Amino acid sequence: MSLKERIGTLFGSGRNRDEIISELEEILVLADISADLVMELIGRVRKKSGMIFNSDTFIRMLKEELLAVFAGTASGGLSLPPGKNVLMLVGINGSGKTTQVAKLGDYFQKRDRKVLFCASDTFRAAGSTQLSLWGDRLGIPVIGGSRGADPGSVVYNSLSSFQTRDYDLLIIDTAGRVQTRESLMRELGKLINIIQKFDPGQPAEVLLVVDATMGQNTLEQARKFREFSGLTGLILAKLDGSAKGGSVINIVHQMGLPVRFAGTGETEKDLEIFDHARFVEEIFIQ
Ligand code: GDP
């Protein structure tokens with residue numbers, strides 16, 4: 001049953017207002033919106049709706065409140081300044097980093113950027129290989145390192161090629177890491193330092209890839225990644241499944257980070273500019 005249908009059924013259930021409100025809270029928390037934010041949103045809708053308490057009004061007002069969460073952040077997409085830019089993608093293992101690196105490479109290559117990939121994931125046996133396969137497919141060169149090589153040296157090498165050759169966009173894939181492993185998180189800071197030695201104005205963006213199928217743990221991930229790598233935005237991957245990615249709302253609400261893109265599948269074409277209004281609409285359908 002979709003969120004919209006559940007809310008409709010609840011309002012039609014003959015329960016009293018307080019019972020409906022408390023059920024609504026549960027329904028929204030199940031959509032991965034944090035309990036605190038749910039209380040805040042419902043509180044506001046309650047106040048606004050006054051005596052009008054029906055499903056349609058409630059849903060309309062809730063959508064308005066959800067959209068307001070996004071209002072303080074930039075709209076989706078990413079327009080890079082002219083010249084050479086560096087993007088770095090970070091996130092936990094399996095969130096979809098390498099795939100989104102490939103998609104972004106394709107996206108910007110189609111917008112006339114000369115793209116270079118850096119596979120700094122020397123931790124996983126397949127880390128570098130996976131991006132190389134994408135590079136072959138998309139016609140984008142990849143600088144990688146052997147397994148176990150220092151990711152810093154791989155990033156350094158990629159920057160050397162990037163600076164001296166005719167590229168204007170370097171996209172760095174990083175090894176997946178859990179936010180609780182401080183040593184690995186600190187490594188991200190080192191990579192940023194290396195980039196800033198080449199150009200203090202870079203990286204242009206550090207993007208956290210958030211898996212839409214993950215629950216509320218993503219807020220804690222985002223906090224830690226920001227602490228260690230100075231995040232500038234988000235990519236919401238795997239939004240094509242049944243998951244609605246509600247947890248990203250908590251990150252946007254708490255941290256004010258913009259969601260740049262949504263990943264909607266496993267090929268390079270499955271990348272969409274994140275659309276606030278559509279995202280909010282789709283939370284209620286399906
Ligand atoms: P990484 O470990 O963070 O680099 O994650 P990968 O890029 O290897 O992706 C992990 C898995 O998720 C792979 O099987 C990808 O094909 C899949 N994947 C990545 N992005 C998406 C997406 O937007 N939608 C779907 N359905 N699958 C995705």
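Bear in mind that the values here come from a model prediction, so they are computed numbers and not experimental data. Counting starts at 1 for both ligands and their atoms, following the listed order.
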- How far is atom 8 (O) of ligand 1 from its nearest protein heavy atom, and which residue and atom name does that atom have? Gln130 NE2, 3.0 Å
- For ligand 1, is there an atom lying under 4.0 Å from some heavy atom of Ser95? yes
- Message: Show the atoms of ligand 1 that are less than 4.0 angstrom away from any heavy atom in Asp240.
- Response: 22 (C), 23 (O), 24 (N), 25 (C), 26 (N)
- Task: Using a strict cut-off of less than 4.0 Å between a Lys/Arg side-chain nitrogen and an Asp/Glu carboxylate oxygen, indicate whether Glu268 and Arg137 qualify as a salt bridge.
- Result: yes
- Message: For atom 20 (N) of ligand 1, what is the closest protein heavy atom, and at what distance to 0.1 Å?
- Response: Gln100 NE2, 2.8 Å
- Any idea which protein heavy atom is nearest atom 13 (C) of ligand 1, and the distance to it? Glu266 OE1, 4.2 Å
- Note: ligand 1 atoms sitting under 4.0 Å from heavy atoms of Ile92 are 3 (O)
- Using a heavy-atom cut-off of under 4.0 Å, does the side chain or the backbone of Thr264 touch ligand 1, or both, or neither? backbone
- Query: Can you tell me which residue and heavy atom of the protein come closest to atom 10 (C) of ligand 1, and the distance to 0.1 Å?
  - Reply: Gly94 O, 3.7 Å
- Query: Between Phe279 and Phe70, what is the ring plane arrangement, given parallel below 30°, perpendicular above 60°, and tilted in between?
  - Reply: perpendicular
- Query: Judged by modelled atom types alone, do Asn250 and Ser247 share a side-chain donor-acceptor pair under 3.5 Å?
  - Reply: no
- Message: So Ile171 and Leu169, do their side chains get closer than 4.5 Å, heavy atoms only?
- Response: yes
- Just checking, Arg165 and Phe162: is the charged tip under 6.0 Å from the six-membered ring centre and within 45° of the axis? no
- Out of Gly265, Gly96, Ala212, whose heavy atom is nearest to atom 22 (C) of ligand 1? Gly265
- Numbered atoms and elements of ligand 1 in range of Thr99, under 4.0 angstrom, heavy atoms: 6 (P), 7 (O), 9 (O), 15 (C), 19 (C), 20 (N)
- Message: Quick check: do Asn193 and Gln196 have side-chain heavy atoms less than 4.5 Å from each other?
- Response: yes
- Task: Considering the heavy atoms of Gly263, write down every atom of ligand 1 situated less than 4.0 Å from one of them.
- Result: 23 (O)
- Message: Contact between Glu220 and Lys224 at the side-chain level, heavy atoms closer than 4.5 Å - yes or no?
- Response: yes
- Task: Quick one: look up the protein heavy atom nearest atom 12 (O) of ligand 1 and list residue, atom name and how far away it is.
- Result: Lys238 CE, 3.4 Å
- Kindly confirm or rule out an N or O of Thr98 lying under 3.5 angstrom from an N or O of ligand 1. yes
- Verify the neighbour count for atom NZ of Lys190: are there more than 12 heavy atoms of other residues, nucleotides or ligands below 6.0 Å? no
- Item | Side chain proximity check, Leu207 to Val90, heavy atoms < 4.5 angstrom | no
- Item | Phe284 six-ring face occupied by Lys63 cation (under 6.0 Å, within 45°) | yes
- Message: Taking a cutoff of less than 4.0 Å between a non-hydrogen atom of the residue and any ligand atom, is Gly241 in contact with ligand 1?
- Response: no
- Indicate, as side chain, backbone, both or neither, the part of Glu272 found under 4.0 angstrom from ligand 1 when only non-hydrogen atoms are considered. neither
